[in-house]
Amino acid sequence: MKRYLSIFWHENKKFLLILASIVCFKSAVADLNSISGRSMQPTLLDGDKVWVNKLAYDVKIPFTDIALLNLHDPMRGDIVIIDSEAAGKRLVKRIIGVPGDTIYMRNNMLVVNGEIADYEVLSEEQEGLVIIEHLFDQSHQAMISNFRGSRSTRSYGPSEVPDGHFFVLGDNRDNSADSRLYSFIPREQIVGRSSSVVFSLDSEQSFRPRSGRFMAQLD
């Protein structure tokens, strides 16, 4: 058995080393993440593949959540990928509150540290109103549902974000399981930041590529 393993290693060591390097790269440096669902519409669509920069905030030991070096702090407005223990799955959300912020929502009106977000209606789609949300010096698109369903998540707080945690929301405010359900997100569960769509496949059109989303930048 040892002789067989020795021969196998000798004949395949270059391939195995390359494979190990790729796996470590995907774990600790960068990767692609598939978007499944509608919680980040209109910013992200079901079928998008987004680039994940895993060195955006920390240098971590591959295959662990152990940070060797903190590079930058996550910032309000960042789109982040989260390995959520509370949800039991990976989430993609937008950071709305950083440590020390006070978050307050009433009927989807967002207030952070007493600053009320301004809203501008862009269009009315089948699923709801597409708006631009202006808060402090940042703006991004969001969606508010037209349907009369559960409105329990439209109001929240006020609540202060604790140290080492973040408050996140989906851009599709009435169709997102986020900090309103799972509470604050610990920093160590943030995998990385996404700022672009690499490519996108439309599941409603036989998985045809969406040409307009190739290497599209995210706000």
Looking at [X] and [Y], would you say the former's side chain and the latter's main chain have a donor-acceptor pair under 3.5 Å?
X      : Y      : value
Arg94  : Gly77  : yes
Glu115 : Phe136 : no
Ser84  : Gly88  : no
Asp171 : Thr43  : no

Can you sort out the partners of [X] under side-chain contact (heavy atoms from CB on, under 4.5 Å), two or more places apart, ordered by chain and number?
X      : result
Ser196 : Trp51, Gln217
Pro209 : Leu201
Met75  : Asp78

Around atom [atom1] of [X], are there more than 12 heavy atoms from other residues, nucleotides or ligands closer than 6.0 Å?
X      : atom1 : answer
Arg106 : CZ    : yes
Asn70  : CG    : yes
Gln138 : CD    : yes
Leu122 : CG    : yes
Phe214 : CZ    : no

For [X], enumerate each residue passing the salt bridge (charged side-chain N to carboxylate O under 4.0 Å, His left out) test, keeping only those at least two apart in sequence or located in another chain.
X     : answer
Asp46 : none
Asp48 : Arg210, Arg213
Asp83 : Arg90

Restricting to side-chain hydrogen bond (donor to acceptor under 3.5 Å, both in side chains), what partner residues turn up for [X], sequence neighbours left out?
X      : result
Asp73  : Arg187
Asn113 : Asp101
Glu125 : Ser123
Glu204 : Arg38

_I'd like to know if Arg173 and Glu133 make a salt bridge, using a cut-off of under 4.0 Å between side-chain N and carboxylate O._
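A salt bridge is present here (some side-chain N lies under 4.0 Å from a carboxylate O).
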If I compare all heavy atoms of [X] with all of [Y], which pair ends up nearest, and what's the gap?
X      : Y      : answer
Ser176 : Lys93  : OG-NZ, 2.9 Å
Val80  : Val168 : CG2-CG1, 4.5 Å
Tyr119 : Ile131 : CD2-CD1, 3.4 Å
Ala216 : Gly212 : CB-O, 4.3 Å
Ser179 : Ile185 : OG-CG1, 4.1 Å
Leu44  : Leu218 : CD2-CD2, 3.7 Å

Reported [atom1]-to-[atom2] distance for the pair [X] and [Y], which is rounded to 0.5 angstrom:
X      : Y      : atom1 : atom2 : value
Met143 : Glu127 : CE    : CD    : 5.5 Å
Leu129 : Glu124 : CG    : CD    : 5.0 Å
Lys54  : Asn33  : NZ    : CG    : 8.5 Å

*Is any side-chain heavy atom of Met105 closer than 4.5 Å to a side-chain heavy atom of Ser155?*
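Side-chain contact under 4.5 Å: no.
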*So do Gln141 and Val130 actually touch side chain to side chain, heavy atoms under 4.5 Å?*
yes
Quick check: is [Y] connected to [X] through a chain of hydrophobic side chains (ILVMFWY, heavy atoms under 4.5 Å apart)?
X      : Y      : result
Met109 : Val121 : yes
Phe199 : Met215 : yes
Ile116 : Ile96  : yes
Leu45  : Val198 : no
Ile103 : Tyr182 : no

*Should Ile81 and Ser194 be marked as a side-chain contact (heavy atoms from CB on, under 4.5 Å) after you check the CA-CA gap, both sets of side-chain angles, and the distance that decides it?*
CA-CA 7 Å; Ile81 290 76; Ser194 182; 3.7 Å; yes
_Taking ring pair (Phe, Tyr, Trp, His ring centres under 6.0 Å) as the definition, give me every residue that meets it alongside Tyr57, ordered by chain and number, with sequence neighbours left out._
none
_Residue list, ring pair (Phe, Tyr, Trp, His ring centres under 6.0 Å) with Phe166, at least two apart or on another chain_ =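 Partners of Phe166 under the ring pair (Phe, Tyr, Trp, His ring centres under 6.0 Å) test: none.
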*In sequence, state the C-alpha distance, the side-chain angles, and the governing distance for Met40 and Ile79, and then conclude on side-chain contact (heavy atoms from CB on, under 4.5 Å).*
CA-CA 10 Å; Met40 281 296 290; Ile79 296 174; 4.3 Å; yes
*Under the side-chain contact (heavy atoms from CB on, under 4.5 Å) rule, what do Thr153 and Leu181 come out as? Steps first, then yes or no, please.*
CA-CA 8 Å; Thr153 59; Leu181 177 64; over 6 Å; no
*Check step by step if side-chain contact (heavy atoms from CB on, under 4.5 Å) holds for Asp178 and Ser39.*
CA-CA 9 Å; Asp178 43 44; Ser39 71; over 6 Å; no
*Among Asn172, Asn107, Asp174, side-chain contact (heavy atoms from CB on, under 4.5 Å) partner for Ile144*: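 Among the candidates, only Asp174 passes.
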*Mind telling me whether Phe184 and Tyr156 have parallel, tilted or perpendicular rings, with 30° and 60° as the class edges?*
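Perpendicular, since the angle between the ring planes exceeds 60°.
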